[in-house]
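Notes follow once the structure below has been shown.
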Amino acid sequence: AQKITQTQPGMFVQEKEAVTLDCTYDTSDPSYGLFWYKQPSSGEMIFLIYQGSYDQQNATEGRYSLNFQKARKSANLVISASQLGDSAMYFCAMRPNTGGFKTIFGAGTRLFVKA
Amino acid sequence: TAGITQAPTSQILAAGRSMTLRCTQDMRHNAMYWYRQDLGLGLRLIHYSNTAGTTGKGEVPDGYSVSRANTDDFPLTLASAVPSQTSVYFCASSDSRKPYNEQFFGPGTRLTVL
């Protein structure tokens, strides 16, 4: 069965510091994609970053990077130089590349950025 | 470009009544999805559709049905609502031709079943 685990219900970070949000996953599919989405208090879901299971390098997108450790089945999101606007819920998600486009989400981590 | 629209924005529904949540996208994405979001549980996939004319079951399909008659619309129907279906419902779409096939989400529908 596919599963995403985010073990940090809430995280605090000081403005301008870096923070790592944890995500582990479980799948038997050899090929899959990993995603991170941000949900601000306004409620919309915003795509942040993607990592393919066969990608050799960790994905980066501006201040976001994904620390992908395939053997450990982890895909942690690193946010550098945190800003107040980063305060939000963050969801990790996985989509196996077989069997259609079913995407499974984790329970989320709420990040609070302190001034 | 509107992206994805959902209607209604919110609804209070009596238990036992039926309801259809509407979802329309104007991006010509082939895949569409319905999720429910509950506190502490994240987003759970209800149903999805890889392309018009096909649908599939997600993690929590019981009590819900969908149809995909065309590319743009993906309505979600609750045949006989129960209080446990109180949730925020998100519709999403994606284009499998794009490198990441990332999902774009609608604004959500807040449903309360009493």
Side-chain angles (χ1 to χ4, degrees), chain A residues 1-10 21 23-27 31-55 59-61 64 66 75 88-110, chain B residues 2-6 9-10 23 25 27 29-61 66 68 74 87-110:
Chain A
Q2 327 284 354
K3 187 176 181 181
I4 294 282
T5 302
Q6 294 181 252
T7 58
Q8 307 152 312
L21 306 184
C23 173
T24 59
Y25 59 91
D26 191 18
T27 181
S31 177
Y32 48 89
L34 296 158
F35 303 80
W36 278 91
Y37 289 84
K38 173 183 179 182
Q39 186 179 40
S41 58
S42 54
E44 75 267 33
M45 294 285 289
I46 303 166
F47 165 70
L48 295 178
I49 196 167
Y50 168 86
Q51 177 85 44
S53 59
Y54 288 116
D55 292 344
T60 60
E61 194 68 50
Y64 304 109
L66 204 152
M89 280 289 288
Y90 289 82
F91 292 99
C92 179
M94 176 183 64
R95 184 195 64 232
N97 289 335
T98 57
F101 304 135
K102 294 172 69 171
T103 304
I104 305 299
F105 282 74
T109 295
R110 182 168 294 280
Chain B
I4 298 181
T5 57
Q6 292 185 236
T9 302
S10 65
C23 175
Q25 54 110 353
M27 297 175 283
H29 287 175
N30 58 299
M32 296 188 75
Y33 316 79
W34 273 105
Y35 294 90
R36 58 176 292 173
Q37 182 176 18
D38 302 289
L39 192 63
L41 297 176
L43 279 78
R44 291 181 292 168
L45 182 65
I46 304 171
H47 286 288
Y48 68 99
S49 169
N50 291 340
T51 188
T54 68
T55 62
K57 293 182 179 180
E59 302 169 85
V60 289
V66 292
R68 187 89 184 275
F74 192 43
S87 186
V88 179
Y89 291 84
F90 285 97
C91 180
S93 70
S94 69
D95 184 348
S96 62
R97 296 165 299 178
K98 291 190 173 179
Y100 300 160
N101 193 13
E102 72 273 23
Q103 297 182 20
F104 294 81
F105 286 80
T109 293
R110 184 175 296 274

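Chain identifiers are assigned alphabetically (A, B, ...) following the order of the sequence lines, protein sequences preceding nucleic acid strands; residue numbering begins at 1 within each chain.
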In this structure, which one of B/S94, B/S49, B/S96 forms a side-chain hydrogen bond (donor to acceptor under 3.5 Å, both in side chains) with B/N30?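 Of all the options given, the one that passes is B/S96.
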Where on A/T103 is there a heavy atom nearer than 4.5 Å to chain B: the side chain, the backbone, both, or neither?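 Contact with chain B involves both backbone and side-chain atoms of A/T103.
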With a 4.5 angstrom heavy-atom cut-off, could you sort out which part of A/Q39 is near chain B: side chain, backbone, both or neither?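 It is the side chain, since no backbone atom gets that close.
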In terms of the angle between their ring planes, are B/H29 and B/F104 parallel, tilted or perpendicular, with boundaries placed at 30° and 60°?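 Tilted, since the angle between the ring planes falls between 30° and 60°.
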Any idea how B/Y35 and B/F105 line up, ring-wise: parallel (<30°), tilted (30 to 60°), or perpendicular (>60°)?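 Because their plane-to-plane angle lies in the 30° to 60° range, the rings of B/Y35 and B/F105 count as tilted.
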Proximal component of [X], with respect to chain A [non-hydrogen, under 4.5 Å]:
| X | answer |
| --- | --- |
| B/Q103 | both |
| B/E102 | both |
| B/F90 | side chain |
| B/Y33 | side chain |

Tightest non-hydrogen contact, residues B/M27 and B/S93, listed as CE-OG, 3.4 Å
Where B/S87 and B/D38 come nearest, the two heavy atoms and their spacing: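 Shortest heavy-atom contact: OG-OD1, 2.9 Å.
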For the candidates B/L41, B/L39, B/V88, B/N101, which exhibits the highest count of non-hydrogen atom pairs separated by less than 4.5 Å from chain A?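 When all of B/L41, B/L39, B/V88, B/N101 are compared, B/N101 has the most.
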Distance, nearest 0.5 Å, that separates OH of A/Y25 from CD of A/Q6: 14.0 Å
